[in-house]
Amino acid sequence: MKEIRITVNGKPYELSVRPWATLLEVIREDLGLTGTKEGCGVGECGACTVIMNGKSVNACLVLAPEADGKEITTIEGLAQGEKLDPIQQAFYEIGGLQCGFCTPGMIMSTKALLAETPEPTDHEIRKGLEGNFCRCTGYTKIFESVREASRKSRR
Amino acid sequence: MTTFYRRLPRFDYVQPTSLDEALSLLGRYKADAKPLAGGTDLIPQVKGRDMAAPRVVVDLKAIPGLDAITYDATKGLTLGAMATIANVERSVLVREHYPMLSNALTTMASPQVRNRATVTGNICTAVPSADSAPTLLVLEAVLKLVSQKGERLVPITQFFTGPRQTVLTYDELITEIRIPSPPPKSRGVYLKLSPRKSMDLAVVGVAAFVVRDGETCKDVRIALGAVAPTPIREARAESALLGKKLTDESIEEAASAASSECRPIDDHRAAREYRCDMVYVLTRRALTQIKEEAL
Ligand SMILES: Cc1cc2nc3c(=O)[nH]c(=O)nc-3n(C[C@H](O)[C@H](O)[C@H](O)COP(=O)(O)OP(=O)(O)OC[C@H]3O[C@@H](n4cnc5c(N)ncnc54)[C@H](O)[C@@H]3O)c2cc1C
Ligand code: FES
Ligand code: FES
C-alpha cells in the first residue's frame, strides 16, 4: 500500500491506496464521490474527467500514487450549496443532457475550457470537448450549453 | 472474444526523484520494470492485458528538469522527456519555430490526454500511426538515450525497429528529443487522415518538409505514418522532387512515388489499396500546401 495525501474539492485526505488503483477508483470507492463516472476505463470516453492541479485529466488513466500532493476538483466541487455553478445552470436550462451519464465529464471539460478560454469560438468548443463522448444527445444541446455557460460565467 | 477488464493487474509503483535513481531502478529490475510518463498508452495496454503487467512501474515525473522545453537558434529545440503534448503544442517557441510540430500534436487525442501524454512517450510506443513520428522524422530529430552505462544519441530515423519495437534496451531512458533549427526558407506540413476528426488514430499520416533555394527544392523530406511496420522516411518520393521546382507535375510525380513505395497493412481500419491511394492524395496535398505558402 502507498500513503498519499490529496485535496479533493478543497478537503484534504490522507489515504492508503493500492499502487495499481486508479484515481477514479479512489474518488468513487474510497471517497464515495460517485458523480465522476467510469465509462470505458481507458481514456476514450471522458466520463471520468476531473481537474487535477488546474488541468483536465482522465481519472481512469491516473494511478492513485501519481495523484499524491495534487489538488483535485470533481463535479461535486462545483456547486456552492444549493447554488449551481454557471456551467451546471446552463446545462440544466438548455437541456444539454438526456441520460446524464456523460454530463459530469462534459461539465468538467467545460470548466477547464472556460478557465483558459472564457469566450471560446465554435472550433475551440469542439476541440475543448473532443475527449468527451455522449451516446444520447447528438451534441447540439451540449454545444449550446457551453456557449450559454460562457455567457453566464462572464456576467 | 475480447474480455473487458475493469481493473489493472497488481504492480508496484516507485517515483524516483533523480535520473540516477531512475536508471539504477531500471538497471536492477530490467524487463520487470516499465518507465511511466503520461501513462496514456501504458495504462490502457496493461489494463487490456495487451502487455504483460510490469512488476514495478517507474514514474519519471518527479525527476527535476525533465519537462523543460528550450530553444536556441544554433542548437535548435530540446524537449525534455516529460514535456507534455499540451505544453509542447502551446509553447510559443514551438509555435514560432516549428509550427508543423505544434499542428501535428493538436491532431492527437483529447485535451485530457494531451495534458498528461508526452511527445517522448508517443515515440516510445513505436506504433506505426504515432502522430508525432512523421513530423519528427522530417525535422530530423535526435534522441538522447541514457543508461547507467552511459549515453548515446540516436537519430529518430534509426530508432524504430518494428511495430511497438525500438532500439531502447530495458535499462535505458530517453531523456530528451533534440530538433535542429529548420533551415531558412523551409516549410513543413503534417496531414492526418482518420475517419473521425477527433479521438482517432491516423489511417495515413504524411509529413512533408521542403527547403528551397530560389525556386528549386534543395532539400526534400517526406515521412509516412501508419503505412509500414514503423513510421518511415520516403526516399523515392524525396528524390523525385530534389533539385526541381515545386510544380503540379513534380508534385504529382513525388506523390506517385510515395504511394508506389508504401507497404501498409490491410485491416479493419482501412484496406491496403485505400491506404496507398490516400498516401498519394495526402502527399500531393501537403506538397501543394507548401507550394502555395508564401516564403
Ligand atoms: C483516448 C486516447 C487517444 C489517443 N490518441 C492518439 C492519437 O491521436 N495519436 C497518437 O499518436 N497517439 C494517441 N494515443 C496514444 C498515446 O496517448 C500517445 O502515444 C502518448 O503520446 C503516449 O505518451 P505517454 O507519455 O502517455 O506515454 P506512457 O503511456 O507513459 O508510455 C508509453 C511507453 O513508452 C515508455 N516510455 C515513456 N517515456 C519513456 C522514456 N522517457 N524513456 C523510455 N521509455 C519511455 C513507457 O514505458 C511505455 O512503454 C491516444 C491514447 C488515448 C488513451
Ligand atoms: S472512463 Fe476514463 S475516459 Fe472513459
Ligand atoms: S446524456 Fe447520455 S451519454 Fe450523454
Side-chain angles (χ1 to χ4, degrees), chain A residues 1-2 4 17-25 28-29 38-70 105 108-113 115-117 120 123-133 139, chain B residues 2-15 17 34 36-50 53-62 82 84-87 89-90 103 105-117 121 194 196-201:
Chain A
M1 299 297 268
K2 297 265 173 212
I4 62 167
V17 297
R18 288 164 282 126
W20 61 92
T22 63
L23 175 61
L24 178 60
E25 289 160 24
R28 288 183 54 86
E29 292 160 27
E38 177 172 13
C40 64
V42 287
E44 300 276 350
C45 75
C48 66
T49 305
V50 300
I51 295 179
M52 183 161 87
N53 284 10
K55 300 206 162 115
S56 63
V57 301
N58 303 106
C60 68
L61 295 185
V62 177
L63 298 176
E66 286 182 280
D68 187 25
K70 302 285 195 313
M108 297 317 287
S109 282
T110 306
K111 186 87 186 160
L113 169 70
E116 221 173 87
T117 318
H123 176 72
E124 285 165 336
I125 297 178
R126 293 211 172 86
K127 283 298 279 180
L129 296 187
E130 70 187 332
N132 292 81
F133 287 6
Y139 300 99
Chain B
T2 48
T3 315
F4 178 72
Y5 293 95
R6 282 198 56 222
R7 302 287 175 156
L8 281 161
R10 275 165 192 266
F11 49 74
D12 200 5
Y13 169 95
V14 284
Q15 194 181 50
T17 51
K34 264 283 172 196
L36 172 70
T40 63
D41 180 72
L42 188 66
I43 293 179
Q45 285 281 313
V46 172
K47 192 180 232 182
R49 275 63 173 174
D50 300 315
R55 218 173 101 205
V56 53
V57 162
V58 181
D59 187 0
L60 307 178
K61 287 189 290 296
M82 291 303 103
T84 61
I85 292 190
N87 285 347
E89 172 201 344
R90 281 185 245 166
N103 294 340
L105 298 180
T106 309
T107 69
M108 282 182 60
S110 61
Q112 295 96 312
V113 170
R114 292 193 294 270
N115 280 336
R116 297 285 291 170
S194 54
R196 284 181 291 168
K197 281 197 191 124
S198 291
M199 294 292 276
D200 208 351
L201 301 181

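In what follows, chains are A, B, ... by sequence order, proteins preceding strands, each numbered from 1. Since we're looking at a predicted model, the values are computed, not measured.
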Between A:G41, A:P65, A:G43, which shows the greatest number of heavy-atom pairs under 4.5 Å with chain B?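 Top count of heavy-atom pairs under 4.5 Å with chain B: A:P65.
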Fill in: Partner chain B: residue of A:K2, A:M52, A:R126 with the largest heavy-atom pair count (under 4.5 Å)
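Going by pairs under 4.5 Å, I would pick A:K2.
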Given heavy-atom pairs under 4.5 angstrom as the criterion, report whether the side chain, backbone, both or neither of [X] touches chain A.
{"X": "B:A86", "answer": "neither"}
{"X": "B:F4", "answer": "side chain"}
{"X": "B:L42", "answer": "neither"}

Can you measure from CZ (B:R7) to CH2 (A:W20) and round to the nearest 0.5 angstrom?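 Rounded to the nearest 0.5 Å, the CZ-CH2 separation comes to 11.0 Å.
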| task | Output the distance between atom CD1 (B:I43) and atom CG (A:L63), rounded to the nearest 0.5 Å. | result |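 One gets 4.0 Å once the value is rounded to the nearest 0.5 Å.
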Do you know the tightest heavy-atom contact between A:G131 and B:P111?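 Nearest pair, atom of A:G131 first, then B:P111: N-CD, 4.2 Å.
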Closest heavy-atom pair and its distance - B:F11, A:P19: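 Heavy atoms of B:F11 and A:P19 come nearest at O-CB, 3.5 Å.
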Item checked: B:R196/A:E130 ion pair, N-O < 4.0 Å ->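 No, no charged N to carboxylate O under 4.0 Å.
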### Task
May I ask you to decide whether B:D12 forms a salt bridge with A:R18, counting only side-chain N to carboxylate O separations under 4.0 Å?
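Not counted as a salt bridge, because no side-chain N and carboxylate O are separated by less than 4.0 Å.
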Worksheet item: Is there a donor-acceptor pair under 3.5 Å between the side chain of B:K47 and the backbone N or O of A:V42?
Response: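 Pair absent, no side-chain N/O of B:K47 close to backbone of A:V42.
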Original post:
Counting N and O atoms only, with roles assigned by atom type, does the side chain of B:K61 sit under 3.5 Å from a partner on the main chain of A:E66, one being a donor and the other an acceptor?
Top reply: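 Between the backbone of A:E66 and the side chain of B:K61 there is no qualifying donor-acceptor contact (under 3.5 Å).
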Give the member of [options] that has the highest number of heavy-atom pairs under 4.5 Å with chain A.
{"options": "B:R6, B:R116, B:R10", "value": "B:R10"}
{"options": "B:R90, B:Q45, B:Q15", "value": "B:R90"}
{"options": "B:T106, B:L8, B:V57, B:V46", "value": "B:L8"}

Acceptor/donor pairs from residues 54-61 of chain A side chains to any protein atom, 3.5 angstrom cut, sequence neighbours excluded:
residue: A:S56; atom: OG; partner: B:N115; partner atom: ND2; Å: 3.3

### Task
Taking salt bridge (charged side-chain N to carboxylate O under 4.0 Å, His left out) as the test, write out the residues that go with A:E44, two or more places apart.
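Partners of A:E44 under the salt bridge (charged side-chain N to carboxylate O under 4.0 Å, His left out) test: none.
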A:E38, part contacting chain B, at a heavy-atom distance under 4.5 Å: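 Side chain only.
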field: Segment of A:M108 engaging chain B (4.5 angstrom heavy-atom cut-off)
entry: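 Nothing of A:M108, per the 4.5 Å heavy-atom cut-off to chain B.
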Is a donor from one side chain sitting under 3.5 angstrom from an acceptor on the other, for B:Q112 and A:N132?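 Yes - a donor-acceptor pair under 3.5 Å links their side chains.
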